[in-house]
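Values below: all heavy atoms of this structure, side chains included; hydrogens, waters and symmetry mates excluded. Per chain, numbering begins at 1; letters A, B, ... match sequence-line order. Since we're looking at a predicted model, the values are computed, not measured.
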Number of protein chains: 2
Amino acid sequence: MYTIGQVSEMFSIPASTLRYYDKEGLFPGIERKSGIRKFSNREIEALRVIECLKNSGLEIREIKQFMEWSTEGSATYQQRKELFETRLKKVAEEMDNLQKTMDMLKYKCWYYETAIQDGNEERILSMLPDKLPPEIQKLYDSAHD
Amino acid sequence: MYTIGQVSEMFSIPASTLRYYDKEGLFPGIERKSGIRKFSNREIEALRVIECLKNSGLEIREIKQFMEWSTEGSATYQQRKELFETRLKKVAEEMDNLQKTMDMLKYKCWYYETAIQDGNEERILSMLPDKLPPEIQKLYDSAHD
DNA sequence: GCTTGACTTAAAGCTAACTTTAAGTATTAC
DNA sequence: GTAATACTTAAAGTTAGCTTTAAGTCAAGC
């Protein structure tokens with residue numbers, strides 16, 4: 001059993017944020033002793049799922065929905081499974097998107113490395129849009145679909 | 001040369017957002033004809049970079065800084081290069097983080113598939129924390145470092 | 001010449017996710 | 001017993017990034 005301060009330390013999350021999460025219903029049925037929250041393994045695992053769902057782009061009120069489903073036993077297994085499947089797809093898309101972002105960033109790194117070497121951008125501009133070195137051309141094309 | 005409406009269509013960005021970006025200084029020196037903005041290839045390419053930097057987690061005011069550097073010629077090549085290098089590192093970290101998020105999501109998908117098959121979570125809980133099927137154990141460990 | 005549709009502005013409004021504040025209670029260390 | 005520390009609350013404040021509103025200008029088609 002942990003206090004809010006201990007959990008705050010463990011997860012590097014401000015206690016005020018944990019209180020906010022509780023107020024928003026993310027720890028349904030959390031135990032209390034004379035007003036003070038007692039975080040058990042259930043809440044610790046909940047917090048790991050909260051972080052995961054938040055990273056997947058889910059909003060707090062949708063995470064609350066999930067936490068409510070979790071208190072309803074086997075009747076909501078299907079909904080919960082579908083939620084995770086949907087989130088998985090979403091994150092896979094986000095990864096694809098970030099891969100394109102990285103390609104653009106790598107292209108720009110090359111661009112400025114080359115500009116620094118040359119002292120100007122003229123040689124680069126004369127290679128655009130399709131006479132860049134092969135590796136760089138790939139990055140450029142990926143970023144300029 | 002494009003009007004704000006054409007650019008809005010091309011990039012699927014509301015015209016109001018493009019005006020907001022302009023107000024925030026993201027199109028320094030954009031041309032106007034009797035008050036109306038004229039988006040040239042320079043602004044189109046700027047918009048691609050804006051999207052890229054935004055996806056990398058940069059704030060609008062930092063993107064503005066970059067756009068100002070871009071008007072200052074070769075004197076700022078170094079800063080611009082470093083900006084893209086820093087962003088690249090940041091996005092690579094974000095990708096790692098998302099990979100962990102995906103592992104947790106995959107684990108949860110398996111969890112609920114199994115719970116649906118069994119009708120309850122008992123068998124799964126008896127396998128925790130280190131007697132899960134090998135492939136699933138990997139996901140679980142990755143998500144519970 | 002008048003209607004239509006796309007553009008313009010400044011300013012106010014919105015939303016999510018916290019974060020801070022102010023005032024108070026409870027527990028632990030000495 | 002008292003001082004320090006950690007907890008409690010409700011409510012107000014903050015921030016980023018838009019989005020909407022209201023009032024107006026401008027060019028093209030009929």
Grab the two heavy atoms, one from [X] and one from [Y], that are nearest each other, plus how far apart they are.
{"X": "A:Ser56", "Y": "A:Lys90", "answer": "O-CG, 4.2 Å"}
{"X": "B:Arg42", "Y": "B:Gly29", "answer": "NH2-O, 3.2 Å"}
{"X": "A:Arg80", "Y": "A:Gly73", "answer": "NH2-O, 2.7 Å"}

Residues forming a salt bridge (charged side-chain N to carboxylate O under 4.0 Å, His left out) with [X], sequence neighbours excluded:
{"X": "B:Glu9", "value": "none"}
{"X": "B:Glu59", "value": "B:Arg61"}
{"X": "A:Asp118", "value": "A:Arg123"}

Using chain B heavy atoms and a threshold of under 4.0 Å, write down where along DNA chain D the contacts begin and end, 5' to 3'.
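Going 5' to 3' along DNA chain D, contacts run D:dA16 to D:dA27.
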Give the dot-bracket string for DNA chain C, reading 5' to 3', where a pair is Watson-Crick or G-U wobble with both distances under 3.5 Å, ( ) marks pairs inside the strand, [ ] marks pairs crossing earlier ones, | marks a partner on another strand, and . marks unpaired.
||||||||||||||||||||||||||||||
Report yes if the side chains of B:Ile136 and B:Lys106 come closer than 4.5 Å at any heavy-atom pair, otherwise no.
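Counting from C-beta outward, B:Ile136 and B:Lys106 never come under 4.5 Å.
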Suppose we screen for ring pair (Phe, Tyr, Trp, His ring centres under 6.0 Å). Which residues come up paired with B:Tyr77, at least two apart in sequence or across chains?
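Ring pair (Phe, Tyr, Trp, His ring centres under 6.0 Å) check on B:Tyr77 returns nothing, list empty.
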Ring pair (Phe, Tyr, Trp, His ring centres under 6.0 Å) partners of B:Phe39, counting only residues at least two apart:
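Per chain and number, B:Phe39 pairs via ring pair (Phe, Tyr, Trp, His ring centres under 6.0 Å) with B:Phe27.
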Look at the side-chain heavy atoms of Ile, Leu, Val, Met, Phe, Trp and Tyr, link any pair under 4.5 Å apart, and say whether A:Ile44 and A:Tyr20 land in one connected group.
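The answer is yes; both residues are in one hydrophobic cluster.
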Check: B:Gln79 main-chain N/O paired with B:Glu82 side-chain donor or acceptor under 3.5 Å:
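No; zero donor-acceptor contacts below 3.5 Å.
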For residues 10-19 of chain A, run the donor-acceptor check on the side chains, cut-off 3.5 Å, and write out each pair with its distance to 0.1 Å, sequence neighbours left out.
none

Could you give all pairs that pass the side chain to side chain donor-acceptor pair (under 3.5 Å) test and reach residues 127-139 of chain B, with sequence neighbours left out?
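Counting only pairs at least two positions apart or across chains, the side chain to side chain donor-acceptor pair (under 3.5 Å) contacts touching residues 127-139 of chain B are B:Glu135-B:Lys138, B:Gln137-B:Asp141.
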Pairs under 3.5 Å (N/O, protein and nucleotides 24-30 of chain C):
| residue | atom | partner | partner atom | Å |
| --- | --- | --- | --- | --- |
| C:dT27 | OP1 | A:Ser34 | OG | 3.2 |

Rounded interatomic separation in angstrom, taking CD from B:Gln6 and P from C:dG5
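After rounding, the gap between these two atoms is 17 Å.
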Using 0.5 Å steps for rounding, measure from the CD1 atom of A:Ile63 to the CG atom of A:Leu83.
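That separation rounds to 9.0 Å.
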Sorted by number, the residues of residues 12-21 of chain B with heavy-atom contact under 4.0 Å to DNA chain D
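The stretch gives B:Pro14, B:Ser16, B:Thr17, B:Tyr20, B:Tyr21 as the residues lying under 4.0 Å from the strand, ordered by number.
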Within residues 37-62 of chain A, which residues have any heavy atom lying less than 4.0 Å from an atom of DNA chain D?
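The stretch gives A:Arg37 as the residues lying under 4.0 Å from the strand, ordered by number.
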For residues A:Phe84 and A:Phe66, establish whether the separation of their ring centroids is below 6.0 Å.
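Ring centroids of A:Phe84 and A:Phe66 are less than 6.0 Å from each other.
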